[in-house]
Each structure stands twice: as C-alpha cells, then as structure tokens.
Amino acid sequence: MTPGQPARTNFPYLLSPLPVGPVTVRNRVVLLPTGTGYTNRGRVEAEDIAYNARRAAGGAGLIITGGTAAAATSQTRSRGFIEAYDPDVLPGVRRRADAVHAEGALIFGQLFDLGRNQAADMMTTVPLGPSAARSPAHRFSPMTMGRQDIAAWTETFAAAAANFARGGYDGIEVHAAHSHLLAQFLSPATNHRDDEYGGDHDGRARLLLETVRAVRRAVGSKVAVGVRLSADDEIRAGTTPADCLETVAALEQHTDVDYLSLAVGVLGGYVKDSSAPEGVALDRIATVKAATRLPVLASQRIRRPEQAEQALRDGQADLIGLARALIADPDWVAKARRGEPDRIRLCLGDMQDCRVHLSGGLRCIVNAGVGRETEPPDGGRFRIPAGRAAGPRRRVVVVGGGPAGLESARRAAEQGLSVRLLEQSDRLGGQVPLAAKPGWRRDLGDLIRYLETELRVLGVEVELGRPVTAGEAEQLGADALLVIATGATGSPLSAAAADAASAAAATRVWDVLTGTADVRRGERVLVIDDGTGDWPLITALDALAGSGCQVTAVTSAASIVRSVPSESQAGVQARLRALGVRWICGAADVSRTAEGARFRRVGTEELTDIAADRVITETGRMAVDQLWRSLRDRDFDVAAVGDCVTPRTIGNAVGDALTLERSVLAQATAGRPELNARA
C-alpha cells in the first residue's frame, strides 16, 4: 500500500461500530479482562495503564479491565487484585480510563469475587460460597453465606461499580462465569442451599439478578452493564447450555442488562491451550446468541481476523473477545484494518508465560514487550564498547536462525539497520520445529512463520546452509554489530549411561526429538526424566507412543508434567494415557541394569526393576557457545542472545532480542513511550 492510499478493508463486520446499551464501540474487537499482576497494594500502576492503553492504540474498540476484586473477601494478603471497593482506587482508575480514551477506545471494568476459589491461607478474611463445598484446588471449604452476608456483599459490589463509573469508565461487567462466586450460586454442582438462593434455577439465579440490579442503580443509565456467563461449565453437574439459556432469559426479563459475554469452562480449564480447536466455544455461544436480543461477546481460541469476521457474518456473535491474541500482538486490529492479517503475530496457545505471571506481572512467549512498555533502555546486559553502539546506518550480522536470532534480526531491521542473518542448517526456527511436532502443539510454528514473513518484508538478507567460523566472525564483526544466536543442543549421556549402552540400547530424549533415535515399533521403551517434567519429555513420550512403542516414564518429580502450565496438565496426561503411556513419579537413584533400569521409591529402601528393550534418558540441553566464548572478550561489537548464553525458553530468547534492541539498537523515542512502545 503506497502512502496516502486508502486502507483496504477486508473485514467489514469486524471493523464496524456497534451500540452496546448507552455507548457505541468503534469496532467489534474487545480486549478481554486479564489479570496483569501489575498492581501494588491493590492500586492501578503505570504498567497496567500502559498495557491497556497500548492495546487501545493498536485499534481495539473496547478494553475490559480485569483482575478487579469487587469485595475484600476476594483479595489476597499480597493485595494483587485492584481493590475496586475502596474509593482510594479512583485516581489510578481515572488515569487508566483517560489513557484508553485518548486512544479512541471505550473502557469497561469487570468485577469479580472468587468465592471458594480463593485459598483461605492466602487471605486475611474468609472465602465465601453458597455452600460449604470445597474447591478441588484448595484445602479448606468456604463459609456458607447467610442472608446478611449476601446483602452486605451485594452492597459492596454495587459500590465498587460506582467507583469505576466515577473514575470515567464506560461500562461495568459482572463476572458470573468460570466458577467464581456468582457462578457458584448459579451452578447445581456448588449451590446446595435450600433457601431462596438455592434449589431450582430461579433460586440459584437470584443473587446474580439482585447484583445486576444493584449495579444498575449504582451506575445509572449512561453506563453500560454486562454479564459474563458460562455457556457450559464442562464439568459433571455444572452449568449446562440449557442452564445458561435460562439465566439469559431471566436477565432479559428482570434486569436492565446491555450485553452478554460468554465462554465455556471453569477456573483451571477455561483458558484453552493449543490442543483445543480454534473457536472452541463458538457453537455453544451461537446457541445462546440465537435465543437473545442482547449483543453477545464471544471468546476463546479466536486467533485470526478471518475467523472473527466469519463468526460475525454467520451471526454467532456480535463482538469478538480477544485476550492472548492481543497480548501477543497489540496491533492485531491495526494490521487487519491495513489488509495485512498475514503479518499478525499469532498467539501460540502455549500459556508458558501468560498464565504464570502473578509474581512478576503478565508476560508473553512471543511478545517480550508485554509488561515492559514503561521500562527504560537497559544499558547493562550488552556491554558494547563506548562510542561504538550501532547507529542508524550500521550493519548487523546475526549468526543463528532460531527464535532469538530471528527476533533480533527483525528488531534491528525495524530500526532501519542493514541486517544479514546466517544459519548453518537448511531451515530456520532452531528448536521450535522439534517442539511443534505433536499435532496439538503445531501452533508453535506460527512464531517462525511470522518472523520469516517479517524478515522478508523488511528486506533482511537470509542465508541458509551457512556456518560461520571464529575467523570469519572476526571479519564480519569488523564493520558490523555481530549477534551470536547459535542456540543449544542435547547434553551428552553421562559416562555411566554411555557405558551401559551395551546392556540395552541407550539414547537421549534429544535424539528422539531430532529423529535420530533408532526406535522400533513394539519395543518396550523406558524413558528416564531428569526431574523437570518439561515439554521435551512430553514431546518424546508422545512421539514414542505414537510410533507404536510400549512406553513407561520414570521421574524423580512428584508429577510427570511438573513444568507444564497448570491449565495444560490435565489434557497432556489424558493424551499420554490414551496413547498407552505409563509413568512412575517419586523415583530416586535410577540406575541402568542389563535388563533395563532399577530405582528406589522415595522415602523407602524398596527397589523396583523395570525391563526394557531400550532406555532413553532426558539429559537436558547445553549451550552451543563455542563461537560466543571465542569472541566475547575481543575488542569489537559482539553480543549473544538466546540459548547460546544458557538454555532457557522461547520467551527468554525473544526477551533477549528486546533487551538487545533497547540497550544497543534503539534510538531515543520521543513522545509518550508508555503508549508508543512497539511490541
């Protein structure tokens, strides 16, 4: 598209405005509520403001802020949730609303109470519930709410809504999904009451209706009011699609509600990973949409503008909710509007960073800028000699085409530098293609496809099959910034394991991942984990069982999925069981024998022998750092990123590239960096 040429609109439904009660959103894309962890003692902080404003600047029509406690009964001792019930929160709320409005978007606030989903030992108060039914995730049951508790809680919830309205918010969303407190009242699985707040559906829905009416009285007619509902709890005896339809009918008949936000699943299962189909909830949401006059917001595993447009065109929804898609690429809407959907950095559905954030703030495996929108340049990580930092016309040579190298090349090219990338193998991606081998993790490959597209558009010179020696690297670094990104490889077998190879074929998990292990169908394979319970082990087990082997895994960890994100663990274990994989946890002193292996049960002296035709060991990874070590003390511009520094995650590799840019490559940014920072 040439400068001045009108943008080509390929998404007429997605980019059209829509009235939602008393307000109108500029397009149908909604940033879903997300607990960012960018809080300090219950207050809105600069990082949270920057995060939300950045998504508004990228084109989202509506921002719904999350992580907001409507009552003190849903606050932790660390005060990690925004305390909407406290009037002292107003200054920060107002700054956040002003920042979002300045970018042309509306802002709503979602209010919740976790109820029994709050751990009693993490609170200063007591968790509440409709009944004393303990959450499977916690040790202690909630206190059953009495009528006075319910009345006081409803009043506090309404006061929290009023605080947000006074802070300039355009709407309030009442959270009654994902097994939080109001959903606990709605669900027959958790509401065992025999008074007016239990029993049949009318009784179970009473508190929700009273809460919505109280919120409406508190905020008036000029502020939109919506409800987040579960279209299907996906658990035994939980809320069903039929129950949801009854709740929607009751809301329409008895409250002044302006929209519905719908999803499926309960806490610990509603955030879907890459094993779930794209648009996993759309069919059930469409059933509700067909039965209501209210605007319906659909969500869950909607990654692409084409998919969102189709859902709107087919009448499955009126609004499209994106959470991780806009975390991964805040310019998702802007790129769709420009007619460049192929340049969107798609969410991978990995959850490695975005769902493990409460201690350090929200992060993203593909977008290192998340949560770092307000950070100043980092001058300490890369110590380039004074006066020799890369300038506007300097050249950059990147050695290595994994995530760290590709992302470093992309960021350097976007700074206007001349970039050349050299990769010794015949493909790009480093270890990502290995991790993406299971069909249910194939979305990981979208990162490499995105980076390849960007390098092509930005004019980066890419050479495959191009190894670099130390001598040649010195020459390359004579007039360019040299970025070493040579990655990692599998660590070697220990001497004991290697010596035992004659007893039974010995190999590494790394060999299974790379396809170099000579494993035969029908073999009894024993896989010894190193105690990490991480994705390489899971991927190898999947590959071995999928090729027809009889697979048993032994680990010293308490769980075979110890390092897998919590919301993926149940699905991973179910898939392994379906493939016939067996595993033994809590094993110690694992040693090779002539027949296979022997181990001791933790806490006992009991020895167990396992027979196997082949023993495969998880040895971890080691940095391919020879080139970096030979160059790092020389007097020229060289830096290292990714696994060649020390093996870590994709998120760390991408983060290294951002740190390189901010410490060496980037020029000073004028204006408002907290709003203008690129992802």
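Computation of the quantities below employed the complete heavy-atom set of this structure, encompassing side-chain atoms and omitting hydrogens, waters and symmetry-equivalent molecules.
- Of the options Lys335, Arg345, Arg303, a side-chain hydrogen bond (donor to acceptor under 3.5 Å, both in side chains) to Asp329 is made by Lys335 and by none of the others.
- There is a side-chain donor-acceptor pair under 3.5 Å between Asn117 and Ser179.
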Let's go through Val396 and Arg420 carefully: what are the C-alpha distance in whole Å and the side-chain angles of both, what is the deciding distance for side chain to side chain contact (heavy atoms under 4.5 Å, CB included) to 0.1 Å, and is it a yes or a no?
CA-CA 6 Å; Val396 175; Arg420 183 183 179 195; over 6 Å; no
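- In this structure, Trp535 and Trp440 have tilted ring planes: the angle between them lies in the 30° to 60° band.
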Walk me through whether Ile320 and Leu14 qualify under side chain to side chain contact (heavy atoms under 4.5 Å, CB included).
CA-CA 8 Å; Ile320 299 297; Leu14 187 66; 4.2 Å; yes
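- Checking Thr555 against Asp529 by side-chain atom types alone, a donor-acceptor pair falls below 3.5 Å.
- Residue Leu362 comes nearest to Cys354 through the heavy atom pair CD1-O, 3.5 Å, listed as atom of the first residue, atom of the second, then distance.
- Ionic pairing of Glu234 and Lys272 is present here: one or more N-O contacts between side-chain nitrogen and carboxylate oxygen are shorter than 4.0 angstrom.
- Pro330 and Asn367 make their closest contact through CD-ND2, 3.7 Å (heavy atoms, listed as atom of the first residue, atom of the second, distance).
- Using cut-offs of 30° and 60° on the angle between ring planes, the pair Tyr38 and Tyr51 is perpendicular.
- Proximity of Arg337 to Asn27: side-chain heavy atoms (C-beta onward) are separated by under 4.5 Å at one or more points.
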Let's go through Asp656 and Arg648 carefully: what are the C-alpha distance in whole Å and the side-chain angles of both, what is the deciding distance for salt bridge (charged side-chain N to carboxylate O under 4.0 Å, His left out) to 0.1 Å, and is it a yes or a no?
CA-CA 11 Å; Asp656 280 359; Arg648 291 157 293 155; 2.8 Å; yes
Given Leu541 and Leu579, is the side chain to side chain contact (heavy atoms under 4.5 Å, CB included) satisfied, shown in steps?
CA-CA 9 Å; Leu541 295 177; Leu579 288 168; over 6 Å; no
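- For the atom pair CD (Glu452) and CG (Leu421), the distance works out to 10.5 Å, reported to the nearest 0.5 Å.
- A salt bridge links Glu373 with Arg55; the closest basic N to acidic carboxylate O contact falls under 4.0 Å.
- Taking a cutoff of 4.0 Å between a charged side-chain nitrogen and a carboxylate oxygen, Arg324 and Asp353 do not qualify as a salt bridge.
- Looking only at distances, no side-chain donor or acceptor of Thr34 sits under 3.5 Å from a matching main-chain atom of Thr36.
- Within the 3.5 Å criterion, the main-chain N or O of Ala412 finds no donor-acceptor partner in the side chain of Glu661.
- When atom types are taken as modelled, the side chain of Asp613 and the backbone of Arg524 share a donor-acceptor pair closer than 3.5 angstrom.
- A donor-acceptor contact closer than 3.5 angstrom links the side chains of Thr649 and Asn652.
- Arg372 and Thr659 are linked by a side-chain donor-acceptor pair at a separation below 3.5 angstrom, with hydrogens and angles left out of the test.
- Using a 4.0 Å cut-off between charged nitrogen and carboxylate oxygen, Asp518 and Arg520 count as a salt-bridge pair.
- A heavy-atom distance below 4.5 Å is not found between the side chains of Gln316 and Lys289.
- Salt bridge Glu407/Arg410: present, at least one basic N to carboxylate O contact under 4.0 Å.
- In this structure, Ile650 CD1 and Leu444 CG are separated by 5.0 Å, a value rounded to the nearest 0.5 Å.
- No donor-acceptor pair closer than 3.5 Å links the side chain of Thr486 to the backbone N or O of Gly400.
- Defined by atom type and a distance below 3.5 Å, a donor-acceptor pair is present between the side-chain atoms of Asp233 and Ser230.
- Looking at Arg301 and Asp273, no side-chain N of the basic residue comes within less than 4.0 Å of a carboxylate O on the acidic one, giving no salt bridge.
- With rounding to the nearest 0.5 Å, the separation of CD1 in Ile302 from CD in Gln310 is 12.0 Å.
- In this structure, CG on Asp232 lies 11.5 Å from CG on Leu262, to the nearest 0.5 angstrom.
- Checked for salt-bridge contact, Arg304 and Glu309 miss the test: no charged N lies under 4.0 Å from a carboxylate O.
- Scanning all heavy atoms of the two residues, the minimum distance from Ala587 to Val554 falls at CB-CG1, 3.3 Å.
- Between Ser491 and Thr619, the shortest heavy-atom distance links the atoms O-OG1, 2.7 Å.
- Looking only at side-chain heavy atoms (C-beta outward), Arg54 and Asp331 come within less than 4.5 Å of each other.
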Side chain to side chain contact (heavy atoms under 4.5 Å, CB included) between Thr552 and Val525: does it pass, once the steps are laid out?
CA-CA 6 Å; Thr552 300; Val525 177; over 6 Å; no
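- The environment of Gln424 atom CD is sparse: at most 12 non-hydrogen atoms of other residues, nucleotides or ligands sit within 6.0 angstrom.
- In terms of heavy atoms, Glu423 sits closest to Gly402 at OE1-N, 4.5 Å.
- Here the side chain of Arg614 pairs no donor or acceptor atom with the backbone of Ala612 at under 3.5 angstrom.
- The pair Glu618-Arg508 does not count as a salt bridge, with every side-chain nitrogen at least 4.0 angstrom from each carboxylate oxygen.
- With a 4.5 Å cut-off on side-chain heavy atoms, Thr539 and Pro438 count as touching.
- Inspection of the Gln431 and Asp643 side chains reveals an N or O donor paired with an N or O acceptor under 3.5 Å.
- Between Arg343 and Glu454, at least one side-chain N (NZ, or NE/NH1/NH2) sits under 4.0 Å from a carboxylate O, which counts as a salt bridge.
- Sorted by first and then second residue, the salt bridge (charged side-chain N to carboxylate O under 4.0 Å, His left out) pairs involving residues 574-585 (not counting sequence neighbours) form an empty list.
- Within the 4.5 Å cutoff, side-chain heavy atoms of Thr489 are placed close to those of Trp510.
- A donor-acceptor pair under 3.5 Å is formed between the side chain of Gln569 and the backbone N or O of Val561.
- Here the CG-SG distance, from Leu627 to Cys644, works out to 8.5 Å after rounding to the nearest 0.5 Å.
- Pro305 approaches Ile344 most closely through the heavy-atom pair CG-CD1, 3.4 Å.
- If you run side-chain contact (heavy atoms from CB on, under 4.5 Å) between Leu31 and each of Ile64, Asn52, Ile327, Leu322, only Asn52 comes through.
- By the 4.5 Å heavy-atom criterion applied to side chains, Tyr450 and Ile448 are not counted as neighbours.
- We find the CG-CG distance between Asp314 and Leu312 to be 9.0 Å, quoted to the nearest 0.5 Å.
- Using a 4.5 Å heavy-atom cutoff, the side chains of Val512 and Leu544 are in contact.
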Dump the intermediate steps for side-chain hydrogen bond (donor to acceptor under 3.5 Å, both in side chains) on Thr514 and Thr516, then the final yes or no.
CA-CA 6 Å; Thr514 57; Thr516 58; 3.2 Å; yes
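- In this structure, the side chains of Ile528 and Phe599 stay at 4.5 Å or more apart for every pair of heavy atoms.
- Side chain of Ser274 to backbone of Asp443: no donor-acceptor contact under 3.5 angstrom is found.
- No donor-acceptor pair closer than 3.5 Å links the side chain of Arg363 to the backbone N or O of Ala368.
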